[in-house]
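Since the structure comes first, as structure tokens, the remarks are kept for the end.
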Amino acid sequence: MSAIATFEDTKNFYQNSLIAPYMEDVSSVRLSVTVPRPSFLFDLNSPSKKKGLRKLVSSDCSLIFGQDFFSSLYSKYRSYVGMVRHSPKKLKVFTHLFCYLLDCYDKQKVCVLARSSASYDGRVAASVADFFESEGLAHNIIGYSYDNSDENGNASSIIPTQLFIEECTRHNVVYSLKNDIPFIEVRDDEKQSLDIDLIKKEDKKNFNMVAKPVRNHNKLWLNHTATLNGFELSPFAKRIFNKDLEHGGRFYCPFQNMPSSDRDNILIDGEKTVELDFKAIHINILYSLANKQLKGDPYLVDGIERKVMKSLMLRLVNSESISGFKAIITKSGNPKNKAIYAQYCRDLLLYDQEKTLANEYVKPRNPFPFENYIPGIPDDVTGDDVYKIITDKHHVIAHMFGADLLGTRLQNIDSNIMAEILMNLAKQGIPALPVHDSVIVKESDQAIANDVMKKAYFKIMKHDIDVTTK
């Protein structure tokens with residue numbers, strides 16, 4: 001939808017439309033600490049004289065100046081929900097939604113949010129949205145789910161009213177991206193978020209260094225748009241590390257889960273795009289670490305299809321157990337197991353067909369966990385056979401295979417290369433969408449981005465690498 005027309009127009013549009021998971025939707029705007037939606041700084045022109053307001057916003061919003069519209073509105077909300085004690089989370093959600101309404105109005109896009117009663121954030125978001133509607137400041141469109149999940153159904157949305165815009169204009173409300181939002185998350189082995197403030201305190205210099213690229217990337221995107229079939233995508237990123245700032249660190253955006261065929265149709269500022277990709281980046285990195293220049297295609301070997309060898313190599317560099325890696329290959333090359341897996345694939349195809357026709361059909365059970373089967377392995381080929389083929393071809397880096405945390409160390413290196421790329425593109429005002437080790441840019445920016453990618457790799461790894469177009 002290119003612009004917000006009337007409430008009824010928007011309501012009818014969304015009640016008859018599906019919102020894809022990678023759009024500006026539940027997954028990208030869920031109001032929680034870990035989601036890479038920009039937090040905003042409010043400037044209501046005059047400093048507040050109320051000490052209570054300063055205390056309320058000190059930890060969550062940096063600064064909020066003004067004792068009129070925002071503070072009075074938040075006070076009304078506290079009464080609306082019967083809040084007795086200060087709640088940092090509710091203030092954060094209230095502030096985010098307030099800014100989100102203004103941002104969506106300014107950019108003529110619809111405000112989509114999660115109202116899920118299953119999460120605390122969802123319940124708070126729903127209470128804030130209902131409060132805005134009770135004050136005549138917004139209209140709510142309640143979404144629904146086909147199967148009690150966030151993925152299938154229509155997302156809820158909220159539309160600012162003319163009264164809200166008039167009040168913000170009358171009180172000279174100005175919003176901008178906060179400068180101290182790191183957009184960094186560090187997870188433990190259980191994928192639970194670690195205390196980011198503690199990590200920052202322990203290594204402030206390194207923390208600021210890894211946070212700066214993603215902050216600059218998000219700030220640049222405040223002035224650009226990415227769309228797919230008329231819908232805006234969320235280009236805002238965060239970096240996710242594993243255990244510490246030395247492992248992982250890739251840039252994650254909601255749109256990255258979409259099929260590559262859909263990514264081909266993304267527009268940036270209305271212009272067609274191209275996706276530039278490093279060729280075999282992790283294998284190149286391993287060769288660079290061994291101080292050798294990779295030559296030729298690392299996935300071409302006799303007896304195994306290239307796409308299968310690529311899958312094997314990617315699995316190997318992320319495996320800390322060579323014996324386990326070999327066992328999976330042996331299992332995958334067993335003719336009996338291959339026949340079982342082939343039948344499963346046929347049953348799954350039939351299930352999808354029956355589901356499309358709305359017929360009842362039980363979804364088949366995968367006989368092998370995903371990580372324990374590799375399609376395409378030739379009959380009776382063993383893990384020892386494949387490992388010898390790989391190590392013979394890549395004997396220069398064979399000693400690195402199976403090293404502890406090798407996969408996340410490689411991700412950390414490729415994320416630092418991506419950070420260098422995004423920093424340099426941002427300096428030139430070129431918006432880019434990161435997809436792990438590839439970058440989506442406007443067709444008109446292709447030549448510059450290609451050069452920036454090659455230079456970024458060379459700066460960090462001191463070797464050359466090929467960049468291809470997906």
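All values below were derived from every heavy atom in this structure, side-chain atoms included, with hydrogens, water molecules and symmetry-related copies excluded.
Looking only at distances, a side-chain donor or acceptor of E271 sits under 3.5 Å from a matching main-chain atom of S444. N208 contributes a side-chain N or O that, together with a main-chain N or O of K204, makes up a donor-acceptor pair within less than 3.5 Å. Using a distance-only test at 3.5 Å, with no hydrogens or angles considered, a donor-acceptor pair links the side chain of N218 to the main chain of A237. A side-chain donor-acceptor contact under 3.5 Å links N416 to the backbone of N412. Looking at T273, its side chain never comes within 3.5 Å of a backbone N or O of I268 through a donor-acceptor pair. For the pair D188 (side chain) and Q192 (backbone), a donor-acceptor distance under 3.5 Å is present. With hydrogens and angles disregarded, no donor-acceptor distance shorter than 3.5 Å links the side chain of E420 to the backbone of Y457. Checking side-chain atoms of N140 against main-chain N and O of A129 turns up a donor-acceptor pair under 3.5 Å. Side chain of S438 to main chain of E275: no donor-acceptor pair is present (N/O by atom type, distance under 3.5 Å, no hydrogens or angles). Not a single donor-acceptor pair under 3.5 Å links the side chain of Y77 to the backbone N or O of K90.
Taking the six-membered ring wherever Trp is involved, the centroid distance between the rings of H436 and Y252 falls below 6.0 Å.
The distance from the NZ atom of K310 to the NZ atom of K307 is 11.5 Å, given to the nearest 0.5 Å. For the atom pair Q411 CD and L406 CG, the distance stands at 10.0 Å (nearest 0.5 Å).
Looking only at side-chain heavy atoms (C-beta outward), I417 and D437 stay at 4.5 Å or farther from each other. Looking only at side-chain heavy atoms (C-beta outward), K470 and S260 stay at 4.5 Å or farther from each other. With a 4.5 Å cut-off on side-chain heavy atoms, T225 and D269 count as touching. P235 places none of its side-chain heavy atoms less than 4.5 Å from the side chain of C253. The shortest distance between side-chain heavy atoms of H282 and L286 does not fall below 4.5 Å. Under the 4.5 Å side-chain criterion, counting only non-hydrogen atoms from C-beta, P367 is not in contact with Y373.
Using cut-offs of 30° and 60° for the angle between ring planes, the F164 and F98 rings count as perpendicular. The aromatic rings of Y341 and Y344 sit tilted, their planes meeting at an angle between 30° and 60°.
At most 12 non-hydrogen atoms from other residues, nucleotides or ligands lie less than 6.0 angstrom from NZ of K243.
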In sequence, state the C-alpha distance, the side-chain angles, and the governing distance for D277 and V467, and then conclude on side chain to side chain contact (heavy atoms under 4.5 Å, CB included).
CA-CA 6 Å; D277 181 44; V467 173; over 6 Å; no

Verdict with supporting geometry, E443 and K272, salt bridge (Lys or Arg N to Asp or Glu O under 4.0 Å)
CA-CA 6 Å; E443 287 184 344; K272 289 184 178 180; 5.9 Å; no

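Every ring pair (Phe, Tyr, Trp, His ring centres under 6.0 Å) that Y80 has, sequence neighbours left out, goes to F131.
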